[in-house]
Each structure stands twice: as structure tokens, then as C-alpha cells.
Protein chains: 2
Amino acid sequence: MHTKNTIILEIFKDIPFSEDESIHIESKLEKLTIKKGDILLNAGKSVNHQYFVSDGCLRTCYTDNSGKEHTIQFAIKNWWISDYTAFFSTTKAVMSIECIQDAVIYKISREDMDALCVEIPQLETFFRKKMEGAFANFQKRILGGLSQSAKERYASFINTYPNIEQSVKNYHIASYLGVTTETLSRIRKELTKD
Amino acid sequence: MHTKNTIILEIFKDIPFSEDESIHIESKLEKLTIKKGDILLNAGKSVNHQYFVSDGCLRTCYTDNSGKEHTIQFAIKNWWISDYTAFFSTTKAVMSIECIQDAVIYKISREDMDALCVEIPQLETFFRKKMEGAFANFQKRILGGLSQSAKERYASFINTYPNIEQSVKNYHIASYLGVTTETLSRIRKELTKD
DNA sequence: CTAGTTTCTTATCATACATCAATTTTTTTA
DNA sequence: TAAAAAAATTGATGTATGATAAGAAACTAG
């Protein structure tokens with residue numbers, strides 16, 4: 001009873017759910033404790049869940065034809081993560097979800113989420129606004145990719161996500177920025193000079 | 001009365017609104033007829049509307065520090081367009097919206113949209129799903145930027161959006177793909193060889 | 001139909017970043 | 001703490017794409 005409210009509060013912050021609603025939502029959330037290196041989802045599989053990160057760090061990762069890995073998203077405390085393209089469309093995953101730092105997460109299925117959104121309009125609003133924020137971030141990232149050099153993108157990344165920088169390896173950041181680890185290493189050397 | 005149902009049908013397809021709902025929604029839509037070259041929105045301004053394209057072609061365009069233009073989104077018939085980062089957050093626009101081909105569009109304000117979403121849950125679901133689709137497309141684009149060559153991105157673009165290719169200039173496409181017009185020209189030459 | 005503007009193409013040269021190959025540093029584990 | 005593994009760095013060289021400049025082709029408007 002007490003823990004119910006705790007996790008609902010952590011995830012949904014200041015949304016004023018009724019007691020019944022909170023209990024109902026919580027019954028659809030499953031808590032998972034995972035370790036660094038664990039794979040939550042493999043490319044090619046169906047994506048039926050999204051995950052709320054309570055602690056730790058995960059990433060979604062795309063492996064291209066030539067075997068190179070690309071990081072689409074990092075998720076730390078309070079972020080949600082999934083292969084949303086697949087999650088929303090019921091196509092198969094093109095990405096995998098990998099745990100980068102031991103994590104505590106909560107998963108919810110697409111079915112449960114859709115049903116809850118119909119029952120509790122505030123929840124639909126929550127997920128819509130979350131999606132809007134994520135969309136805006138993706139737009140900024142595309143803009144950065146189109147208009148900035150690798151050095152500028154790195155500077156922007158560590159400025160925007162200082163907490164993520166501390167939780168991931170440089171080669172993760174490189175794969176997020178779209179450069180090789182060698183190039184990132186040279187960029188970092190450059191920046192310490194300034 | 002007849003026209004009301006026509007435009008609601010065009011925009012919202014098979015959503016079964018009541019007659020009252022249709023009329024109410026339609027009262028919040030404003031029809032605009034615009035010409036090639038018209039600017040719907042300038043960077044730096046507040047973004048209070050999004051636009052449904054009934055006919056014609058528009059783009060959102062970001063001008064970077066060095067004066068280069070980058071195309072974030074094209075919108076043809078049945079697409080929505082805006083600077084969504086600003087639209088959703090009430091920050092100022094970083095992009096402008098430009099009419100590329102004479103167009104007929106319908107605009108709706110953020111306020112009206114939010115209010116309608118509260119009154120008509122189906123509408124909130126509609127906008128949420130629209131956002132999910134747009135999010136997925138952005139994700140694919142980021143993935144392409146990270147993993148594909150300019151040539152691959154161009155091939156993928158004309159394959160995915162054959163209708164857009166016909167409505168826009170090559171330099172628009174170049175600015176969407178993140179290459180110079182010269183590079184795009186060489187790519188096109190290459191591809192006709194194959 | 002002609003002149004003017006816009007768009008596209010071609011060529012040369014420059015550069016940011018990739019690739020390949022070691023080597024060093026850091027982290028993990030026994 | 002030593003050995004092994006993982007991650008980061010550095011150097012030499014290659015390549016895709018950018019920058020600049022000029023000209024050709026395709027629209028547009030008088």
C-alpha cells in the first residue's frame with residue numbers, strides 16, 4: 001500500500017490519481033532488477049513493453065549491416081526506454097535494449113498502457129506529453145546532426161546530459177554521436193586544451 | 001454542414017465523432033490558402049498553431065549560425081506540420097515554416113487542441129498516435145544519419161517519399177539529407193548509371 | 001520568343017572524419 | 001596484487017563529402 005504510492009509518485013510525479021487508480025496502475029507495472037550487460041530486448045523480437053528506469057543506465061542500440069553499433073537513446077533515472085518504433089507499430093524490433101549500469105526498472109505492456117489510457121485520461125495526457133518531449137529531443141538531435149561538427153555535437157552532448165556522461169563509456173558516446181572512438185578521443189584531447 | 005463533415009473526415013478519417021463533436025472540432029479549424037514562397041512562421045516567434053496540409057507542400061527549415069538552411073520536415077497532403085519543439089513547450093520557434101508549393105491548409109491552436117483533447121478522448125488518442133508515428137520516423141532518420149552514406153540516405157528518401165520528391169527541389173532534398181547540392185548532384189549521376 | 005532568374009551540374013582542391021595498426025591506460029577478476 | 005581484459009589514445013594514411021568557381025540547363029515573366 002505504501003510502496004504502491006511510492007512508485008506511482010516516482011513515475012507520475014504530481015498527477016493526482018485517486019487511490020483506486022494508483023492501485024490499478026501499479027498492478028500493471030512489473031519491477032525488474034537487472035545487471036550490467038543484460039539484454040532486455042533483442043533486435044528481431046516483438047516489442048510489447050516499455051520500461052521506466054528507477055535507477056541505473058540502459059541504452060537502445062542498433063547494429064547496422066556492416067556490424068557497427070549505433071546508440072539511439074540512453075536512459076537514466078526517471079527516463080523511459082524502448083524500441084518505440086516497434087513498440088508503437090507492432091513491427092519487430094530493429095534495436096536491442098542493453099543494460100549499461102546495474103538497474104532497477106518497471107515495465108508496462110503496450111496492451112495495459114492502451115487500456116489504462118482509455119480508463120484514465122490523465123494517463124493518456126501524461127504519455128502524450130512524454131512523447132512530445134521525446135519528439136522535441138529527437139528533433140534537436142537531427143538538427144545537430146545536420147548542422148554541427150562532431151566536436152560541437154560532443155560539447156552539446158556533455159552540456160545537455162552531464163549525468164549520462166558519467167554513467168557510460170566513451171565508446172557509447174561515440175556511437176551516439178555518430179563518430180568512431182578514435183575521433184572522439186581526439187576531440188576530447190582538443191577540448192581539454194581550450 | 002456538409003463541408004464540416006468533409007474536412008473532419010479528411011483530417012480524422014475513420015474516427016466516429018458525434019455530429020456535435022464534429023461541429024465543435026471544425027469550429028476550431030481555420031482554413032488558409034497560401035502561395036509558394038509564403039512564410040507561415042518565422043524563427044524566433046511564438047508557435048501557437050499546427051497545420052494540417054489538405055493540398056500543396058510545405059517544409060520546416062532551420063537556419064544555422066553560418067547561414068546554412070536545413071530541412072527538418074516536409075509536409076504534403078494529409079500531413080501535419082509545425083515547429084513541434086516550440087509548439088509543445090511554448091519556447092520560441094527555432095525554425096521557420098515555408099510554403100514550397102501553393103497549398104490549402106487548416107490551422108488549429110495549441111490551446112484549442114488541448115481543450116478538445118480533454119473534451120474528446122478519441123481526439124487525444126488521435127494526436128498521441130500521430131505523435132508516435134512522427135517519433136518513429138524521426139528515429140529512423142537519426143538511425144539513417146548514423147549508419148548510412150549520403151548515397152544510401154538519398155536512395156532511402158526517394159524510396160520512402162516518392163510523392164515528396166516530385167514536389168520539392170533537389171536543393172530542398174539536399175538540405176534534408178544533410179549534404180550540399182553539389183554532392184546530391186553527383187549522387188544522382190551515380191545512381192542513374194546503375 | 002527572348003532575357004533573366006533559378007536550379008542543376010561539373011571540375012578542382014581542401015578537410016573532417018574513417019580506417020588500420022600499435023601502444024598505453026584503466027578496469028576487472030582471480 | 002598480478003594478470004587479463006576492456007577501454008582509450010596516438011600516429012599514419014585513405015576517403016567521402018565540403019568549398020569554391022564556373023558554366024549549362026531549366027524555368028519564369030515580360
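Below, chains carry the letters A, B, ... as their sequence lines are ordered, and counting in each starts from 1.
- Distances shorter than 4.0 Å separate some side-chain N or O of B:Arg188 from OP1 or OP2 on C:dT9.
- Along DNA chain C, the nucleotide nearest to B:His172 and the one nearest to A:Thr180 differ in position, and the one closer to the 5' end is contacted by B:His172.
- Residues passing the side chain to side chain contact (heavy atoms under 4.5 Å, CB included) test with A:Lys45 are A:Leu41, A:Asn42, sequence neighbours excluded.
- Atom CD in B:Glu152 sits roughly 9 Å away from atom P in D:dT17 (whole-Å rounding).
- Atoms CD (A:Gln101) and P (D:dA7) sit 12 Å apart, rounded to a whole Å.
- Atom CD1 in A:Ile100 sits roughly 15 Å away from atom C1' in D:dA6 (whole-Å rounding).
- Residues A:Glu132 and A:Arg128 are paired through a salt bridge, judged by an N-O separation under 4.0 Å between the basic side chain and the carboxylate.
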Report summary line: A correct 5'-to-3' footprint of nucleotides 22-30 of chain D, with B, S and - meaning base, sugar-phosphate only and no protein heavy atom under 4.0 Å, is ---------
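- As rounded to whole Å, 16 Å separates atom C1' of C:dT19 from atom CG of A:Leu184.
- A salt bridge links A:Asp102 with A:Lys35; the closest basic N to acidic carboxylate O contact falls under 4.0 Å.
- In summary, the side chains of A:Tyr154 and A:Arg188 do present a donor paired with an acceptor at a separation below 3.5 Å, with no hydrogens or angles considered.
- For D:dT10, one of the phosphate oxygens OP1 or OP2 lies less than 4.0 angstrom from a side-chain nitrogen or oxygen of A:Lys189.
- Of all nucleotides listed (D:dA7, C:dT9, D:dG18), D:dA7 comes nearest to the side chain of A:Tyr171.
- Distance from the side chain of B:Arg186 is smallest for C:dT10 among the nucleotides C:dT10, D:dT10, C:dT9.
- Phosphate contact (OP1/OP2 of C:dT9, side-chain N/O of B:Ser185, threshold under 4.0 Å): present.
- The distance from atom NZ of B:Lys151 to atom C1' of D:dA16 is 12 Å, rounded to the nearest whole Å.
- Under the side chain to side chain contact (heavy atoms under 4.5 Å, CB included) test applied with A:Leu29, the options A:Ile105, A:Ile11, A:Asp112 reduce to a single match, A:Ile11.
- In this structure, CG of B:Asp64 is placed 13 Å from P of D:dG18, rounded to the nearest angstrom.
- Taking only side-chain atoms of A:Ala150, from C-beta outward, the nucleotide of C:dC17, D:dG18, D:dT10 with the closest atom is C:dC17.
- Remark: P of D:dA7 and CD1 of A:Ile173 are 13 Å apart, rounded to the nearest angstrom.
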Show which side-chain atoms of residues 50-57 of chain A pair as donor or acceptor with protein atoms under 3.5 Å away, not counting sequence neighbours.
| from | atom 1 | to | atom 2 | distance (Å) |
| --- | --- | --- | --- | --- |
| A:Gln50 | OE1 | A:Tyr84 | OH | 2.6 |
| A:Gln50 | OE1 | A:Lys130 | NZ | 3.2 |
| A:Ser54 | OG | A:Glu10 | OE2 | 2.8 |

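- The side chain of A:Asn170 contributes an N or O atom lying less than 4.0 Å from OP1 or OP2 of D:dA8.
- Remark: A:Thr183 is in phosphate contact with C:dA18, judged by side-chain N or O atoms under 4.0 Å from OP1 or OP2.
- In this model, a donor atom of one side chain and an acceptor atom of the other lie less than 3.5 Å apart for B:Asp64 and B:Ser66.
- In this structure, the NZ atom of A:Lys68 is 15 Å from the P atom of C:dC17, given to the nearest Å.
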